[in-house]
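Working notes, structure below.
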Amino acid sequence: QVQLVESGGGLVQAGGSLRLSCAASGPTFSRITMAWFRQAPGKEREFVAAHRGTGGTAYVGRSAKGRFTISRDNAKNTAYLQMNSLKPEDTAVYYCAAGFRLILSDLENPSRYNYWGQGSQVAVSS
């Protein structure tokens, strides 16, 4: 079992930055694929970014490319999402997710992740 606890959401003006954190329990963090998704009211859950574990590669979704960065600290069992140049359309609840043995084509599919954080509200004002 993996438990995920998120922190770092809030309200920011357009052009500003926020960093989300996701602390995971369990001894196998380094092997887990960690990801971030977001969901705005009335919309489907959208892939933001993923990181495939120790030595793995980071992937960023189209809407976040060039502005958001996913990283992880295996010593702290924590994943991060650094969000820069935020836009009002980035307003959503952001969820971290964890999954095992995901292949490349799985990364953007929320149904492939077994564990989810509680969600962090990010609001960007214009």
Side-chain angles (χ1 to χ4, degrees):
Q1 282 282 11
V2 176
Q3 290 186 318
L4 304 176
V5 178
E6 301 177 35
S7 59
L11 173 65
V12 65
Q13 287 190 327
S17 298
L18 280 176
R19 189 177 80 157
L20 302 179
S21 299
C22 178
S25 65
T28 58
F29 179 78
S30 63
R31 300 201 300 267
I32 299 174
T33 293
M34 297 297 297
W36 292 92
F37 288 80
R38 68 186 184 186
Q39 190 163 19
K43 294 189 176 182
E44 292 187 352
R45 196 161 291 194
E46 176 190 14
F47 172 78
V48 176
H51 194 294
R52 293 184 68 188
T54 304
T57 306
Y59 300 87
V60 180
R62 191 183 318 160
S63 62
K65 199 156 288 186
R67 300 186 299 126
F68 295 4
T69 303
I70 186 171
S71 62
R72 64 196 295 156
D73 185 337
N74 289 337
K76 295 182 178 179
N77 277 20
T78 301
Y80 304 96
L81 183 68
Q82 177 67 43
M83 302 184 290
N84 298 327
S85 302
L86 282 160
K87 306 174 183 178
E89 51 264 43
D90 294 318
T91 295
V93 177
Y94 284 70
Y95 297 92
C96 69
F100 291 92
R101 294 180 293 277
L102 270 64
I103 60 176
L104 185 58
S105 59
D106 290 335
L107 295 181
E108 298 191 18
N109 184 348
S111 70
R112 300 300 295 164
Y113 293 83
N114 305 101
Y115 306 99
W116 292 85
Q118 78 278 16
S120 296
Q121 178 69 55
V122 171
V124 184
S125 63
S126 56

Walk me through it: do Thr33 and Leu107 pass the test side-chain contact (heavy atoms from CB on, under 4.5 Å)?
-> CA-CA 8 Å; Thr33 293; Leu107 295 181; 3.8 Å; yes

So Met83 and Trp36, side-chain contact (heavy atoms from CB on, under 4.5 Å) or not? Walk me through it.
-> CA-CA 11 Å; Met83 302 184 290; Trp36 292 92; over 6 Å; no

Take Thr91 and Gln121 through the side-chain contact (heavy atoms from CB on, under 4.5 Å) test and state the conclusion after the steps.
-> CA-CA 8 Å; Thr91 295; Gln121 178 69 55; 4.1 Å; yes

Step by step, work out the side-chain contact (heavy atoms from CB on, under 4.5 Å) result for Tyr80 and Asp73.
-> CA-CA 8 Å; Tyr80 304 96; Asp73 185 337; 4.0 Å; yes

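For the atom pair CZ of Arg31 and CZ of Phe100, the computed distance is 7.5 Å after rounding to the nearest 0.5 Å. Between the OH atom in Tyr59 and the CD atom in Glu108 there is a gap of 11.0 Å [rounded to 0.5 Å]. The line from CD1 of Ile103 to CZ of Arg112 is 7.0 Å long, rounded to the nearest 0.5 Å. In this structure, the separation between CG on Leu4 and CZ on Phe29 is 8.5 Å, given to the nearest 0.5 Å. Here the straight-line distance linking atom OG1 of Thr78 with atom CG of Leu20 works out to 12.5 Å at 0.5 Å rounding. With values rounded to the nearest 0.5 angstrom, Tyr115 atom OH is found 13.5 Å from Cys22 atom SG.
Closest non-hydrogen pair, Ile70 versus Ala35, comes out as CD1-CA, 4.3 Å. Between Ser17 and Ser85, the shortest heavy-atom distance links the atoms OG-N, 4.4 Å. Annotation for Val122 and Gly9: closest pair CG2-CA, 4.3 Å, computed over non-hydrogen atoms.
A single hydrophobic cluster is not seen to contain both Val93 and Val12; linkage of ILVMFWY side chains at heavy-atom distances under 4.5 Å, directly or through other members, places them apart. Hydrophobic cluster membership differs between Met34 and Tyr113, with clusters built from Ile, Leu, Val, Met, Phe, Trp and Tyr side chains linked at under 4.5 angstrom. Cluster membership for Val48 and Leu102, using ILVMFWY side-chain heavy atoms within less than 4.5 angstrom, is not shared.
Not one N or O on the side chain of Asn109 forms a donor-acceptor pair closer than 3.5 Å with the backbone of Asp106. Within the 3.5 Å criterion, the main-chain N or O of Gln3 finds a donor-acceptor partner in the side chain of Ser25.
Salt-bridge formation is detected for the pair Asp90/Arg38: a Lys NZ or Arg NE/NH1/NH2 atom is positioned less than 4.0 Å from an Asp or Glu carboxylate oxygen.
More than 12 heavy atoms of other residues, nucleotides or ligands sit less than 6.0 Å from atom CD of Glu89.
If you run side-chain contact (heavy atoms from CB on, under 4.5 Å) between Val124 and each of Leu86, Leu11, Leu18, only Leu86 comes through.
Relative ring orientation between Phe37 and Trp116 is described as tilted, the plane-to-plane angle lying within the 30° to 60° band. Between Phe68 and Tyr94, the two ring planes are tilted [angle within 30° to 60°].
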